[in-house]
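Down below is the structure, laid out as structure tokens.
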2 protein chains.
Amino acid sequence: MSVDVASCTPLVRKALTAEQAADLSRVLKAVADPARLRLLSLVAAHEGGEACVCDLTEPLGLSQPTVSHHLKVLVDAGLLTRDKRGVWAWFRLVPGALDALAAALSTAGSRDAAPSSG
Amino acid sequence: MSVDVASCTPLVRKALTAEQAADLSRVLKAVADPARLRLLSLVAAHEGGEACVCDLTEPLGLSQPTVSHHLKVLVDAGLLTRDKRGVWAWFRLVPGALDALAAALSTAGSRDAAPSSG
DNA sequence: CGCAGAGATTGACTCCCGTCGATGCGTTGT
DNA sequence: ACAACGCATCGACGGGAGTCAATCTCTGCG
């Protein structure tokens, strides 16, 4: 279920295959949602770098099932970890996951992203 | 119609507002599609850094209207430029657009690795 | 054991999105 | 002028995604 972003090829380095594109798009679809972006942001900015559902429902203005759904999407995408302690479920950013995604999109890592390819 | 990715706040820096999240998600939705990822990749990897629709239809295995639709989405998102020369429409990557998107997702720039003075 | 609270799951609804065929528009060549 | 080509637009179809109310599961407490 989880997606390995690290396996994604840099976008501009070489033409992506259909499979590579599908793989990368899975992670991007997970973050291409305002509610999930805010969830990532809220978790990251929260005290201790972790937050439970009850901390996230109110600032998002969404119902608890919806928030839980979005969190599951982010966990399945490999962007968040879920740690259930007692009654509460605590979520944290997966270290490096967002950076790997950023690296896949970045043209800087390809060393020759300049308009002149000669 | 175009989206300014540069105005997007780094994700983990501070909790995103609903508007910031919506703005960023617009650009992410544009790239969160395997066909459009491959289009960006194909354009970037193409000779001269530019390609026309006829160059992109075959490797994608999609119909010409569909490819044209995806290209419009990418242009509207500010990721591609369209230059019509004669009968052909040539597409190029917008310099820095993907990097700005990557920077918005990256966690590195929010703490101590800011590229600009600060 | 029964109750209360947190969170996940289910089902249903609506809307958006990707896709194609058909068509329209502008350019090029004869 | 006419035909051919490249590309954009339109209309339509099917699948997927976001949302909520209701419900279920599990934990903690008395």
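- A donor-acceptor pair under 3.5 Å is absent between the side-chain atoms of R36(A) and the main chain of V31(A), judged by distance alone.
- For the pair S25(B) (side chain) and A21(B) (backbone), a donor-acceptor distance under 3.5 Å is present.
- Protein atom NE2 of H70(B) is 15 Å distant from nucleotide atom C1' of dT9(D), rounded to whole Å.
- Each of P65(B) and S63(A) was assigned the nucleotide of DNA chain D with the nearest heavy atom; the assignment lying further toward the 5' end belongs to P65(B).
- For the pair T57(A) (side chain) and V53(A) (backbone), a donor-acceptor distance under 3.5 Å is present.
- Nucleotide dA8(D) holds its C1' atom 8 Å from the CZ atom of R82(B), rounded to whole Å.
- Using a 4.5 Å heavy-atom threshold, the side chains of L79(B) and V94(B) count as separate.
- Under the 4.5 Å side-chain criterion, counting only non-hydrogen atoms from C-beta, R26(A) is in contact with D23(A).
- The shortest non-hydrogen separation linking A77(B) to V27(B) is O-CG1, 4.4 Å.
- Here the P atom of nucleotide dG18(D) and the CG atom of L62(A) are 11 Å apart, to the nearest Å.
- Residues V53(B) and G61(A) both approach DNA chain D. Their nearest nucleotides, taken by heavy-atom distance, put V53(B) toward the 5′ side.
- Chain B approaches DNA chain C within less than 4.0 angstrom (heavy atoms of the protein), and the contacting nucleotides run 5' to 3' from dG18(C) to dT28(C).
- Side-chain contact between R85(A) and E50(A) is present, with heavy atoms from C-beta onward closer than 4.5 Å.
- Connection of L80(A) to V73(A) is not established within any shared hydrophobic cluster, with ILVMFWY side chains joined at heavy-atom distances below 4.5 Å, either directly or through further cluster members.
- Between the CG atom of D76(B) and the C1' atom of dT9(D) there is a distance of 13 Å, rounded to whole Å.
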**OP:** Would you mind building the protein contact string for nucleotides 25-30 of chain D? One character per nucleotide, 5' to 3', B for base within reach (heavy atoms under 4.0 Å), S for sugar-phosphate only, - for untouched.
**Re:** --SS--
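- Distances shorter than 4.0 Å separate some side-chain N or O of S68(B) from OP1 or OP2 on dA8(D).
- Comparing A89(A) and K29(A) by the nucleotide of DNA chain C whose heavy atom lies nearest to each, the residue mapping closer to the 5' end is A89(A).
- Within the 4.5 Å cutoff, the side chain of L42(B) has no heavy atoms near those of the D55(B) side chain.
- In this structure, the CD atom of Q64(A) is 11 Å from the C1' atom of dC20(D), given to the nearest Å.
- Proximity of a side-chain donor or acceptor of R38(B) to a complementary backbone N or O of L56(B) within less than 3.5 Å is not detected.
- Under a 3.5 Å cut-off, the side chain of D99(B) and the backbone N or O of T107(A) do form a donor-acceptor pair.
- Separating the CG atom of L56(B) from the P atom of dA8(D) is a distance of 10 Å, rounded to the nearest angstrom.
- Atom NE2 of H69(B) is separated from atom C1' of dA12(D) by 14 Å (rounded to the nearest Å).
- Using a 4.0 Å cut-off on heavy atoms, the residues of residues 31-52 of chain A that approach DNA chain D are D33(A), R36(A), listed by number.
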